[in-house]
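Structure first, commentary second.
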Amino acid sequence: MEDNQNSTPFSGQVTDNRIESMRSAINNIVIGQAWSVDLLLTAILANGHVLIEGVPGVAKTLSARLIAKLIDAKFSRVQFTSDIMPSDVLGTNVFNMGTNKFDFHAGPIFGDIVLVDEINRAPAKTQSALFEVMEEKQATIDGVRYPMSDIYTVFATQNPIEQEGTYRLPEAQMDRFMFKVVVGYPNADSELEVLRLHNSSTAFSKLDQVSPLLSHDDIIELRQKAQSVHVDDKLMSYIVQIIAQTRQHQNIYVAASPRASIALLNSAKAFALVNGRDFAIPDDIKMLATPVLQHRISLTAEAEMNGVTIEQVVKDIINKVEVPK
């Protein structure tokens with residue numbers, strides 16, 4: 001399956017050069033994943049978390065680390081395993097003999113951009129430790145609340161192929177991700193470019209030599225800019241109708257909640273900004289519907305037995321709902 005790197009049909013002048021600089025810098029290193037890169041940038045500007053799914057070796061971890069470097073953000077990585085405990089993720093209080101008090105030692109979940117590698121390898125108890133952090137951007141440990149940073153973003157990866165020793169993510173946790181980004185294989189030309197870069201040992205392929213392009217304040221400003229993007233009432237009605245169709249479709253067992261509507265609205269605004277517009281259009285919503293919905297809905301057993309996919313169902317829903325004019 002090739003990544004749809006030519007999915008974005010807009011090529012007008014980008015109004016904010018900082019976004020285009022970020023996009024170009026990432027695409028110069030992460031080759032052949034332009035659509036996935038656009039989704040990651042959109043999620044950051046929309047203040048949302050991302051679940052990245054793909055086989056090993058398609059630059060899932062590289063993309064997250066690179067974005068953190070380009071934003072000059074504090075990057076933290078936690079590798080989930082079957083024996084990892086909540087305290088390994090959140091941190092713990094350790095008694096200080098010198099002060100006779102407990103000192104809090106923060107876990108790897110504290111950072112600006114946090115990469116949770118192979119998130120589906122942790123048991124339910126550890127998964128639940130992420131609920132509060134992802135939704136409220138704070139962690140409560142021994143009754144004390146510890147806030148996260150203003151630009152706190154979680155990128156989580158999972159391998160869809162190897163299922164031994166993995167756990168299904170709870171629906172409540174899946175719903176906290178704005179997007180599920182499916183990273184496919186690059187096409188032949190892109191993979192050839194990857195080989196050329198590695199063969200020549202190109203300097204910019206080394207993350208240590210990447211310089212930040214955006215600051216913490218830049219991200220805050222761009223998020224405010226995304227929030228001010230105009231969305232017509234007809235487009236909001238369009239979003240509501242799409243979500244409503246998930247609750248009526250014969251092949252859907254678990255439908256999308258109002259959180260999906262909010263995610264589709266906010267991501268459409270950020271996606272418009274990424275593409276150089278201060279207004280959203282129906283195509284923004286149509287293009288983002290699959291990454292917003294594909295991890296939030298579940299198919300009936302009969303549909304799965306018949307080989308129906310969630311992507312096909314979302315496409316069917318989009319085709320049924322009349323596009324506003």
Side-chain angles (χ1 to χ4, degrees), residues 1-14 19-45 50-70 115 117-118 155-163 177-207 209-210 213 267 270-272 274-276 283-295 307-316 318-319:
M1 175 180 173
E2 291 186 358
D3 183 63
N4 191 358
Q5 59 180 320
N6 296 316
S7 294
T8 307
F10 311 110
S11 57
Q13 178 64 37
V14 175
I19 297 175
E20 187 60 23
S21 296
M22 277 282 291
R23 184 192 246 165
S24 298
I26 299 170
N27 286 326
N28 282 337
I29 297 177
V30 182
I31 308 298
Q33 305 289 0
W35 173 235
S36 300
V37 168
D38 277 2
L39 289 177
L40 295 179
L41 290 177
T42 298
I44 289 176
L45 299 186
V50 183
L51 177 63
I52 310 172
E53 183 177 280
V55 298
V58 291
K60 301 187 301 295
T61 301
L62 174 62
S63 299
R65 293 182 60 200
L66 177 58
I67 288 174
K69 289 280 290 185
L70 292 172
L115 173 65
D117 238 342
E118 297 192 273
F155 290 153
T157 70
Q158 67 177 8
N159 179 356
I161 306 300
E162 186 180 354
Q163 298 300 321
F177 288 104
M178 173 170 280
F179 293 147
K180 177 182 176 181
V181 177
V182 178
V183 181
Y185 294 110
N187 59 34
D189 290 339
S190 297
E191 192 157 1
L192 179 59
E193 181 64 21
V194 170
L195 295 182
R196 284 172 176 160
L197 292 176
H198 279 270
N199 186 52
S200 62
S201 300
T202 306
F204 65 69
S205 66
K206 299 178 182 178
L207 283 181
Q209 299 178 7
V210 173
L213 296 177
S267 60
F271 189 68
V274 167
N275 286 281
D283 277 351
D284 295 334
I285 296 165
K286 291 168 68 175
M287 295 174 66
L288 295 172
T290 297
V292 167
L293 294 176
Q294 63 186 341
H295 59 295
V308 178
T309 65
I310 292 179
E311 291 81 359
Q312 290 172 341
V313 172
V314 173
K315 185 177 180 180
D316 182 50
I318 294 297
N319 290 335

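As the structure is a computational prediction, the values presented were derived from the model and not from experiment.
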field: Polar side-chain atom of Asn199 near backbone of Leu195 as donor-acceptor pair, under 3.5 Å
entry: no
Atom pair [atom1] ([X]) and [atom2] ([Y]), whose distance is rounded to the nearest 0.5 Å:
{"X": "Phe179", "Y": "Ile52", "atom1": "CZ", "atom2": "CD1", "value": "12.0 Å"}
{"X": "Gln294", "Y": "Glu53", "atom1": "CD", "atom2": "CD", "value": "8.0 Å"}
{"X": "Ser63", "Y": "Asn27", "atom1": "OG", "atom2": "CG", "value": "9.5 Å"}
{"X": "Leu293", "Y": "Glu311", "atom1": "CG", "atom2": "CD", "value": "11.0 Å"}

task: Could you give me the CA-CA distance, side-chain angles and deciding distance for Leu41 and Leu45, then say whether side chain to side chain contact (heavy atoms under 4.5 Å, CB included) is met?
output: CA-CA 6 Å; Leu41 290 177; Leu45 299 186; 5.5 Å; no
task: Could you walk me through whether Thr61 and Leu115 pass the side chain to side chain contact (heavy atoms under 4.5 Å, CB included) test, one step at a time?
output: CA-CA 8 Å; Thr61 301; Leu115 173 65; 3.3 Å; yes
Any idea which heavy atoms bring [X] and [Y] closest together, and the distance?
{"X": "Leu197", "Y": "Asn28", "answer": "CD1-O, 3.9 Å"}
{"X": "Thr42", "Y": "Ser267", "answer": "CG2-O, 3.4 Å"}
{"X": "Pro186", "Y": "Ile31", "answer": "CB-O, 4.4 Å"}

message: Could you walk me through whether Phe155 and Ile44 satisfy the side chain to side chain contact (heavy atoms under 4.5 Å, CB included) test, starting with their C-alpha distance in whole Å, then the side-chain angles of each, then the deciding distance to 0.1 Å, before giving a yes or no?
response: CA-CA 10 Å; Phe155 290 153; Ile44 289 176; 4.0 Å; yes
- request: Go through Ile26 and Leu40 one step at a time and tell me if the side chain to side chain contact (heavy atoms under 4.5 Å, CB included) criterion holds.
  value: CA-CA 11 Å; Ile26 299 170; Leu40 295 179; over 6 Å; no
